[in-house]
S.K.: 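Let me give you the structure first, and then I'll get to my questions.
Just so it is clear, the model here is predicted, and its values are computed rather than measured. In each ligand, atom 1 is the first atom listed, and ligand 1 is the first ligand listed.
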Amino acid sequence: MSDCIFCKIASEEIPSKKVYEDEQCYAFYDLDPQAPTHFLVIPKAHIASALDINEGNSMIVGHCFAVIAKVAKERGFDSYRVVSNCGEQAGQSVFHLHFHVLAGRDMTWPPG
Ligand code: DGP
């Protein structure tokens with residue numbers, strides 16, 4: 001989508017600190033880290049939020065989670081949190097589906 005900041009990051013039109021890339025997804029460090037390690041995994045295809053996941057595009061979501069596990073293993077994480085804020089009330093500020101991956105500190109629950 002032409003005016004989507006995460007589409008522009010995935011196409012490297014806007015620079016980011018890349019963590020991982022393949023044909024289907026892109027991972028990069030969050031601009032405003034909430035943990036010692038905090039990166040985002042996004043599908044390259046524009047999906048606005050988790051509310052827009054359906055039978056036709058859900059394979060990419062599974063792929064994103066496989067990438068998260070691969071990067072976590074490579075980095076030796078044995079504990080991490082994956083978060084996807086869906087909708088403004090839940091804290092979503094960028095409307096391109098993304099998975100926050102947070103690691104390196106104790107996490108609280110409920111998240112607040
Ligand atoms: P959310 O609020 O759940 O929609 O998360 C959006 C995250 O994206 C937020 O933690 C900050 C991050 N972010 C927003 N714009 C940029 C950007 O231009 N570059 C990077 N690296 N991160 C961004």
S.K.: How far is atom 1 (P) of ligand 1 from its nearest protein heavy atom, and which residue and atom name does that atom have?
M.R.: His98 NE2, 3.2 Å

S.K.: Quick test: of every protein heavy atom, which one is nearest to atom 18 (O) of ligand 1, and how far off is it to 0.1 Å?
M.R.: Ile5 CD1, 3.4 Å

S.K.: With nothing but distance in play, are any N or O atoms of His38 less than 3.5 Å from an N or O of ligand 1?
M.R.: no

S.K.: Do Glu21 and Phe28 have side-chain heavy atoms sitting under 4.5 Å apart?
M.R.: no

S.K.: Is there a polar contact between ligand 1 and Leu31, counting only N or O atoms under 3.5 Å apart?
M.R.: yes

S.K.: Please determine, by modelled atom types, if Asp32 and His38 share a side-chain donor-acceptor pair under 3.5 angstrom.
M.R.: no

S.K.: Among all protein heavy atoms, pick the one closest to atom 10 (O) of ligand 1 and tell me residue, atom and distance.
M.R.: Asp30 OD2, 2.6 Å

S.K.: Pull out every atom of ligand 1 sitting under 4.0 Å from any heavy atom of Phe6, numbered as shown with elements.
M.R.: 8 (O)

S.K.: If you measure from each non-hydrogen atom of Ile9 to ligand 1, which part falls under 4.0 Å: side chain, backbone, both or neither?
M.R.: side chain

S.K.: Do you know which two heavy atoms are closest between Leu97 and Ala50, and how far apart they sit?
M.R.: CD1-N, 3.6 Å

S.K.: Kindly work out whether a path of hydrophobic side-chain contacts (I/L/V/M/F/W/Y, heavy atoms less than 4.5 Å apart) joins Ile60 to Tyr20.
M.R.: yes

S.K.: With a 4.0 Å cut-off on heavy atoms, is Ser16 touching ligand 1?
M.R.: no

S.K.: May I ask whether Val61 and Leu51 are part of the same hydrophobic cluster, defined by side-chain heavy atoms of I, L, V, M, F, W, Y residues being less than 4.5 angstrom apart, directly or through others?
M.R.: no

S.K.: Just how far is it from atom NE2 of His98 to atom OG of Ser93, taken to the nearest 0.5 Å?
M.R.: 6.0 Å

S.K.: Which of these, Asp30, Val101, Leu102, sits in a side-chain contact (heavy atoms from CB on, under 4.5 Å) with Phe39?
M.R.: Val101

S.K.: Within the structure, does Leu40 bring an N/O atom to less than 3.5 angstrom of an N/O atom in ligand 1?
M.R.: no

S.K.: Is His100 near ligand 1, meaning one of its heavy atoms is under 4.0 Å from it?
M.R.: yes

S.K.: What do the steps show when you test Phe77 against Thr37 for side chain to side chain contact (heavy atoms under 4.5 Å, CB included), and what is the final call?
M.R.: CA-CA 10 Å; Phe77 300 162; Thr37 299; 3.6 Å; yes

S.K.: Which is it for Ser93 and ligand 1 at heavy atoms under 4.0 Å: side chain, backbone, both or neither?
M.R.: both

S.K.: Starting from atom 21 (N) of ligand 1, locate the nearest protein heavy atom and write down its residue, its atom name and how far away it is, to 0.1 Å.
M.R.: Tyr29 O, 2.9 Å

S.K.: Flag yes if Phe95 and Ile47 sit in one hydrophobic cluster, no otherwise; membership is Ile, Leu, Val, Met, Phe, Trp, Tyr, and two members link when side-chain heavy atoms are under 4.5 Å apart.
M.R.: no

S.K.: Under a 4.0 Å heavy-atom limit, does Gln34 contact ligand 1 with its side chain, its backbone, both, or neither?
M.R.: neither

S.K.: Which atoms of ligand 1 sit under 4.0 Å from any heavy atom of Gln92?
M.R.: 4 (O)

